[in-house]
Enquirer: 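For reference, the structure I am asking about is given below.
The sequence lines fix the lettering, A, B, ..., with proteins before strands; numbering per chain opens at 1.
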Number of protein chains: 2
Amino acid sequence: MAASDILKPESLAKVLSEHGVRPTSQRETVYQSLLNKRTHPTADEVFARVRETAPTISLATVYNCLDVLVQNKLVRAVNFERAPTQYCANLAPHAHFHDEAGRTLDIEMPTEVIDQLRDLLPDDFDVKHIEVNFHGRAPQND
Amino acid sequence: MAASDILKPESLAKVLSEHGVRPTSQRETVYQSLLNKRTHPTADEVFARVRETAPTISLATVYNCLDVLVQNKLVRAVNFERAPTQYCANLAPHAHFHDEAGRTLDIEMPTEVIDQLRDLLPDDFDVKHIEVNFHGRAPQND
DNA sequence: GAACAGAATTGGAATAATTCCAATTCGCAA
DNA sequence: TTGCGAATTGGAATTATTCCAATTCTGTTC
Ligand SMILES: [Mn+2]
Ligand SMILES: [Mn+2]
Ligand SMILES: [Zn+2]
Ligand SMILES: [Zn+2]
């Protein structure tokens with residue numbers, strides 16, 4: 001599912017179902033908004049986006065939908081320091097680069113590198129999740 | 001500066017000065033409390049610790065001291081998801097393992113691995129900081 | 001097709017970590 | 001001793017997020 005993918009409402013619902021998420025119009029709208037524009041928006045930004053197509057949706061529902069999507073692994077929650085949580089629909093294993101200008105970029109992480117990181121831990125550690133965040137300056141256009 | 005180091009008040013003050021931190025009794029107490037017990041405490045936990053030796057210190061001051069120590073690179077701030085910030089006096093480059101039971105452990109990270117991570121980025125990215133967090137289950141005694 | 005039941009949504013209140021602020025106190029230097 | 005900028009303090013404010021109770025949906029059973 002690349003950034004350019006355009007999903008018909010039907011297939012959107014199917015994707016949700018297949019991941020154990022009961023498809024409601026709110027969940028579809030929220031998910032769609034993340035697929036359409038991959039800028040790692042906050043809950044507030046998602047709220048602003050979805051209001052245009054679903055003007056009666058509430059912020060609480062946006063939080064609910066995002067939680068459900070994250071719990072069912074359709075979306076990743078990304079945190080930088082104490083900033084509001086950002087949401088990411090890129091399911092490939094990847095790191096995040098947090099630009100000083102505020103942009104958040106996906107950084108591909110080959111399995112090889114992930115394994116290297118996992119090897120830093122003693123064997124009797126059970127790793128559920130590895131998170132890699134870069135901070136710095138990214139060139140203007142990328 | 002290992003966990004077992006015991007600093008005389010004088011050398012404590014000197015360390016602060018050398019890092020550009022004007023040594024005040026509150027800053028010394030806060031820093032000492034982080035050096036003494038390397039459990040990655042939150043600001044509240046630091047507050048509880050330092051109250052025993054400095055009963056009149058305020059929570060605002062604890063936050064101020066921690067900020068100053070972090071800004072002057074004597075202490076690292078560690079964040080997991082949306083949990084309260086934890087503080088770490090280990091200056092060696094290292095990752096963090098967040099145990100499901102709540103413990104936070106330091107994981108050594110060789111320069112080699114850090115370089116490998118840095119290499120994931122295009123050359124025109126200017127990296128200020130790399131953060132690696134593991135989540136999972138760690139064996140009981142380690 | 002009505003009725004029911006569980007799930008989802010909603011608006012608003014509550015929570016809690018952190019920051020802000022204005023007043024006081026501190027510590028060094030003149 | 002006095003002056004002055006910096007640090008500390010207590011309490012109020014902020015704000016992302018969670019909680020809650022009431023309402024609305026949705027899918028199923030009669
Ligand atoms: Mn940043
Ligand atoms: Mn955790
Ligand atoms: Zn991402
Ligand atoms: Zn640490």
Enquirer: Tell me, with the steps shown, if A:Leu12 and A:Leu35 meet side chain to side chain contact (heavy atoms under 4.5 Å, CB included).
Expert: CA-CA 10 Å; A:Leu12 230 199; A:Leu35 292 174; 4.3 Å; yes
Enquirer: To the nearest Å, give me how far apart CG (A:Asn72) and P (C:dA8) are.
Expert: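 In whole Å, C:dA8 P and A:Asn72 CG are 10 Å from each other.
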Enquirer: Starting from C1' on C:dT18, measure out to CD on B:Gln86 and report it in whole angstrom.
Expert: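 In whole Å, C:dT18 C1' and B:Gln86 CD are 15 Å from each other.
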Enquirer: Do any N or O atoms from the side chain of B:Arg49 and from the backbone of B:Thr29 form a donor-acceptor pair under 3.5 angstrom?
Expert: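 No: the side chain of B:Arg49 does not pair with the backbone of B:Thr29.
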Enquirer: In a table with atom names and distances, give each donor-acceptor pair under 3.5 Å that connects a side chain of residues 56-72 of chain A to protein atoms at least two apart or in another chain.
Expert:
from    : atom 1 : to      : atom 2 : distance (Å)
A:Ser58 : OG     : A:Thr61 : N      : 3.1
A:Ser58 : OG     : A:Thr61 : OG1    : 3.0
A:Asn64 : ND2    : A:Ala60 : O      : 3.3
A:Asn72 : ND2    : A:His19 : O      : 3.3

Enquirer: Find every protein N or O atom lying less than 3.5 Å from an N or O atom of nucleotides 13-17 of chain C, and list the pairs.
Expert:
none

Enquirer: Provide, to the nearest angstrom, the distance between the CD atom belonging to A:Gln71 and the P atom belonging to D:dT18.
Expert: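 Those two atoms, CD and P, are 10 Å apart.
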Enquirer: To the nearest Å, how far apart are A:Leu16 CG and C:dA8 P?
Expert: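 So the CG-P distance, A:Leu16 to C:dA8, works out to 12 Å.
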Enquirer: Just wondering, more than 12 heavy atoms not from B:Arg137 lying within 6.0 Å of its CZ?
Expert: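 Atom CZ in B:Arg137 is not packed in, count stays at 12 or less.
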Enquirer: Within the distance-only criterion (no hydrogens, no angle test), does the side chain of A:Glu45 pair as donor or acceptor with the backbone N or O of A:Thr42 below 3.5 angstrom?
Expert: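 Checking the backbone N and O of A:Thr42 against the side chain of A:Glu45, a donor-acceptor pair under 3.5 Å is found.
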Enquirer: Which atoms form the tightest heavy-atom contact between A:Arg76 and A:His94, and what is the distance?
Expert: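 A:Arg76 and A:His94 have their closest heavy atoms at NH1-O, 3.0 Å.
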Enquirer: Can you tabulate the close N/O pairs, meaning under 3.5 Å, that link protein atoms to atoms of nucleotides 6-13 of chain D?
Expert:
from  : atom 1 : to      : atom 2 : distance (Å)
D:dA7 : OP1    : B:Arg27 : NH1    : 3.3
D:dA7 : OP1    : B:Arg27 : NH2    : 3.2
D:dT8 : OP1    : B:Thr24 : OG1    : 2.6
D:dT8 : OP1    : B:Gln26 : OE1    : 3.2
D:dT8 : O3'    : B:Gln26 : NE2    : 3.1
D:dT9 : OP1    : B:Thr56 : O      : 3.2
D:dT9 : OP2    : B:Ser58 : N      : 3.2
D:dT9 : OP2    : B:Thr61 : OG1    : 2.5

Enquirer: Using a distance-only test with no angle check, is there a side-chain donor-acceptor pair under 3.5 angstrom linking A:His129 and B:Asn133?
Expert: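 There is no such pair between these side chains.
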Enquirer: Among B:Asn90, B:Asp106, B:Asn79, B:Ile107, whose side-chain contact (heavy atoms from CB on, under 4.5 Å) with B:His96 holds?
Expert: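 Testing B:His96 for a side-chain contact (heavy atoms from CB on, under 4.5 Å) against B:Asn90, B:Asp106, B:Asn79, B:Ile107 leaves exactly one candidate, B:Asp106.
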